[in-house]
Amino acid sequence: MPAITVDDVLVLPRLPRLAETTTFRPVRRLITAPSGYEGEGFPVRRAFAGVPLHELDPFIHLDQMGEVDYAPGEPKGTPWHPHRGFETVTYIIDGVFDHQDSNGGGGTITNGDTQWMTAGSGLLHIEAPPEHLVVSGGLFHGLQLWVNLPRVAKMNPPRYQDIRGKESGLVSTPDGGALIRVIAGEVAGHAGPGSTHTPITITHVTVQPGAEVELPWRPDFNALVYVLAGRGTVGGERRPVHTGQLAVHGPGDALRIAADAEQEAATPALELYIMGGQPIREPVAHYGPFVMNTRAELVQAFEDYQAGRLGVIPAERLPHTGGAGPRPA
């Protein structure tokens with residue numbers, strides 16, 4: 001699981017040691033993500049399945065894509081599809097993914113990179129492996145998080161943030177037992193590069209076997225800890241967790257996470273994707289690729305899409321289709 005790492009975590013800034021009076025957040029809900037398929041058939045784990053939206057707010061949806069080792073000719077993506085009213089945050093841990101939209105935006109992201117796409121008023125979008133990966137096959141592993149936009153920003157013009165892995169804020173624990181990559185927001189004053197419409201923190205944390213992390217967390221944020229790989233415990237009560245589980249935390253000042261002393265050879269450390277944000281607390285009308293506030297706004301979004309007002313598929317050859325022509329809408 002390459003993402004972004006460093007040769008010596010001891011050279012990094014450290015988290016502060018927390019006071020004995022710190023209230024560690026308990027685990028309110030523990031979910032094992034069901035498996036499914038997305039787009040043209042790539043495997044995903046639906047990390048938020050079964051969690052009430054008010055416990056996720058401001059987040060809507062999270063897919064763990066892979067981890068899968070494709071044979072030549074097997075890599076898959078998604079066909080052209082619309083979005084409106086929210087943001088997609090795509091984080092690639094291992095592999096390569098191309099993005100393109102109907103406004104001419106997009107690019108390529110790879111190990112440790114994040115593409116933060118604000119759909120806003122709407123666009124058409126495609127995600128697919130590049131031609132060379134389709135030909136060669138290879139390992140692919142990533143995440144896509146959907147972040148809700150507040151009512152005042154839902155119809156903002158679309159935009160991209162191309163966040164390279166090396167731009168992430170890197171922090172360690174006092175004993176050097178964990179690496180915290182801050183993608184957006186901040187942890188104990190250490191900021192990540194992602195720009196958000198509402199206060200949000202997103203991190204990828206690697207905890208070495210037997211190590212523990214006490215992570216300061218804003219009391220007004222919710223706290224969602226998803227296990228990408230490995231085994232350990234979370235919460236003030238030290239609940240056991242393993243790959244593919246989501247821990248929804250209750251109130252408190254900090255998160256407590258520990259990795260089991262023994263891990264499987266294929267997953268030598270505990271890998272976590274940790275999200276939190278200040279709830280928007282607005283009505284949510286969510287259907288398919290649109291996240292709005294009312295049913296009427298959803299109907300309007302579908303009508304606008306069908307009328308071509310969210311854009312059209314570019315006529316030129318797409319770099320990642322190998323000259324086969326545009327994928328179907």
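Position 1 is the first residue of the sequence, and the numbers go up from there. All heavy atoms count here, side chains included; hydrogens, waters and symmetry mates do not.
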Less than 6.0 Å separating the ring centroids of His249 and Trp217? no
[X] and [Y] ion-paired at < 4.0 Å:
X	Y	value
Lys154	Glu282	no
Arg14	Asp175	no
Asp63	Arg46	yes

Other residues, nucleotides and ligands only: do more than 12 of their heavy atoms fall within 6.0 Å of CZ on Arg309? yes
Just one of [options] clears the side chain to side chain contact (heavy atoms under 4.5 Å, CB included) bar with [X], so which one?
X	options	answer
Tyr91	Thr114, Asp113, Ile202	Thr114
Leu272	Thr203, Val227, Leu255	Val227
Ile60	Val147, Leu145, Leu53	Leu53

Are [X] and [Y] linked by a side-chain donor-acceptor pair shorter than 3.5 Å?
X	Y	answer
His141	Gln64	yes
Thr206	Arg181	yes
Thr118	Glu87	yes
Gln115	Thr90	no
Asp253	Thr22	no
Gln278	Thr198	no

Quick check against the 3.5 Å criterion: does Asp94 have a side-chain atom that pairs as donor or acceptor with the backbone of Asn111? no
Counting distance only, does the side-chain N/O of Arg25 pair as donor-acceptor with the main-chain N or O of Gly250 below 3.5 Å? yes
Would you give the length of the straight line joining atom CD1 of Ile109 to atom CD1 of Ile92, rounded to the nearest 0.5 angstrom? 4.5 Å
Nearest heavy-atom approach of Arg84 to Ala301 is NH1-CA, 3.5 Å
Residues that, via side-chain heavy atoms closer than 4.5 angstrom, fall in one hydrophobic cluster with Leu123: Met117, Tyr160
